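Residue indices begin at 1 and follow the sequence shown. Because the structure is a prediction, the values reported are computed rather than measured.
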Amino acid sequence: MTTRLRQSFLALVLLALAIPACSPPSQQAPAAQAGGQLAVLEWAGYDAADFWTDFKKGNPDVKVSFEIGSSDADVYGKMKAGTKADIFHAYTGWLQFYVDEGLAQEIDVSKLKNWSKVPESFKVIGRFNGKQYFIPWDWGFTSILYRTDKVKGKIDSWSALLDPKYKGHISMWDDGPGAVTVSAYIHKYDETNVTGEQLAAIKAEWIKQRALNLFYWAGEPELIDAMTNKDVWVAYAWQGAYATLLGKGVPVAYADPKEGRNSWVGVYGIRKGTPNYDLALKFLDEKLANATATNVVNQFYYGATNEEVMKGISDPTLKQAFSIDDPTVLQRTNFTPNLTAKQRDDWTAMWTEVKAAP
């Protein structure tokens, strides 16, 4: 799985940055509708109008509402509980569950005018049993974000999140699988085959870390605020927080840990049974459009699956964020593997126990 994802990721970077974009085939997107409503199960920050601007401009009479999920487990849990959201935003590692449990509707990509802008290496991530269930949209890295005015020297290991010298100024993401991943990197566990003994050790490690952790963040805005006001110096973070803090003039760096960064791909799915399928399809098509894709790159420093946008990157800061000029970065990157149902349940339960421990 890891090798396959690394090959796919390398292929998509080469396609997005080096190969001229193909001329789109003649495809028809669903006709714009006069009015209507859409509900989107989204992550904090992505509900901002800049991240669905093409749809908003083309469909001004459609009312779009958002329900916010705080983690992969939370988004999945809301879908299982019967949310009425028409569209949901999920990430690699969790996609198979939505297909196996009948939560995702197959997507008719022949109706997407922007589908040709997405490299095949991305498309396959959302394809199961020969059917397209998800539209890949964003991708990026996870690493340690830190304030350079508070941390002496460079952080070069995930173990910084467990370092007592940062006591009271660390913030971990509120997510069990994320915690397991960090420990697996540090201790060189096989992330795809964590044993019961190893999971017990991971649980003990994170219970001990609680005394160092200021708070568990659920959405990027609260992490950004805490790092801006100097409460948090070191954090588990995505590129979006890094980009936002740089834009605010906060002195921060994004670590290149010796154990490797984590990498992920985000996708959108349509809830099976939604009465608003055509409008949802239109929304996803416009998510792939150039203005919206450009905003996620420029504002969050995340990669877009729109290769036209990615190959046009020239800003030095963006090139640094994506490590475009470093041909070895993928060799040092850990790609998120698919979880089994047992891993999902065990790791989520472990995290609940960590937070509930005295």
Indicate the ring-plane relationship of [X] and [Y], choosing parallel, tilted or perpendicular according to the 30° and 60° boundaries.
X	Y	result
Y76	W94	tilted
Y236	W158	tilted
Y254	Y242	parallel

(message) For W139 together with W238, are the ring centres under 6.0 Å from each other?
(response)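 Here the rings of W139 and W238 have centres that are no less than 6.0 Å from each other.
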
Closer than 4.0 angstrom, basic N to acidic O: yes or no for [X] and [Y]?
X	Y	answer
E101	K272	no
K113	D285	yes
K78	D74	yes

Rounded distance [0.5 Å steps], [atom1] in [X] versus [atom2] in [Y]:
X	Y	atom1	atom2	result
L38	N59	CG	CG	8.5 Å
Q209	D163	CD	CG	11.0 Å
L288	L112	CG	CG	7.0 Å
L161	I186	CG	CD1	7.0 Å
Y277	L279	OH	CG	12.5 Å
E286	L281	CD	CG	10.5 Å

Work out which heavy atom in [X] is nearest to a heavy atom in [Y]; give both atom names and the distance.
X	Y	result
S143	D256	OG-N, 4.5 Å
N213	I170	OD1-O, 3.4 Å
R210	V354	NH1-O, 2.9 Å
S171	W217	OG-CD1, 3.2 Å
L212	P164	CD2-CA, 3.8 Å

By side-chain contact (heavy atoms from CB on, under 4.5 Å), which residues pair with [X], not counting sequence neighbours?
X	value
L199	V180, V194, D346, W347, M350
T244	I224, K248, F300
N290	K117, N306, E308, V309

Taking the side chain as every heavy atom from C-beta outward, state whether [X] and [Y] have any pair of such atoms under 4.5 Å apart.
X	Y	result
I135	T305	no
Y216	W351	yes
P337	E191	yes
L246	V252	yes
V40	V64	yes
T148	Y146	yes
I202	Y189	yes
T274	Q105	no

Residues in side chain to side chain donor-acceptor pair (under 3.5 Å) with [X], at least two apart?
X	value
D190	T192
S159	S157
E106	none
D47	none

(request) Check the side chains of N262 and T336 for a donor-acceptor pair under 3.5 angstrom, ignoring hydrogens and angles. (result)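 The answer is yes; a qualifying pair exists.
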
(message) Pairing donors with acceptors under 3.5 angstrom, does anything connect the side chains of D50 and Q299?
(response)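 Side chains of D50 and Q299: pair found under 3.5 Å.
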
Check for a donor-acceptor pair, side chain of [X] on one end and backbone N or O of [Y] on the other, with a separation under 3.5 Å.
X	Y	result
D138	Y302	no
Q96	Y98	no
R261	A255	yes
W52	K287	no
E307	V118	no
S263	F141	no
E42	G69	no
N334	E259	yes
Q343	T340	yes

Listed once per pair and sorted, the salt bridge (charged side-chain N to carboxylate O under 4.0 Å, His left out) pairs that draw on [range], sequence neighbours left out:
range	answer
residues 220-231	none
residues 169-178	D174-K355
residues 139-152	R147-D149

(request) Mark yes or no: R344 above the aromatic ring of F97, with NZ or CZ under 6.0 Å from the six-membered ring centre and no more than 45 degrees from the axis. (result)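 Ring-cation test returns yes.
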
(message) For Y166 and W233: C-alpha separation, side-chain torsions, deciding distance, then whether ring-ring contact (aromatic ring centres under 6.0 Å, His included) applies.
(response) CA-CA 7 Å; Y166 305 125; W233 303 349; 7.1 Å; no

(message) Taking ring-ring contact (aromatic ring centres under 6.0 Å, His included) as the definition, give me every residue that meets it alongside Y91, ordered by chain and number, with sequence neighbours left out.
(response)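 Listed in chain order: W43, H89, W264.
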
(request) Not counting sequence neighbours, which residues clear salt bridge (Lys or Arg N to Asp or Glu O under 4.0 Å) with E205? List them please. (result)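 Here no residue qualifies.
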
(request) Would you check, one step at a time, whether the test side-chain hydrogen bond (donor to acceptor under 3.5 Å, both in side chains) holds for S71 with W173? (result) CA-CA 9 Å; S71 66; W173 183 33; 5.9 Å; no

(message) I'd like to know whether W137 forms a ring-ring contact (aromatic ring centres under 6.0 Å, His included) with Y46, so could you lay out the CA-CA distance, the side-chain angles of the two residues, the decisive distance to 0.1 Å, and finally the verdict.
(response) CA-CA 12 Å; W137 185 66; Y46 281 137; 5.3 Å; yes

(request) Just do the side-chain hydrogen bond (donor to acceptor under 3.5 Å, both in side chains) check on S65 and Q37 with the steps written out, would you? (result) CA-CA 8 Å; S65 60; Q37 297 185 50; over 6 Å; no

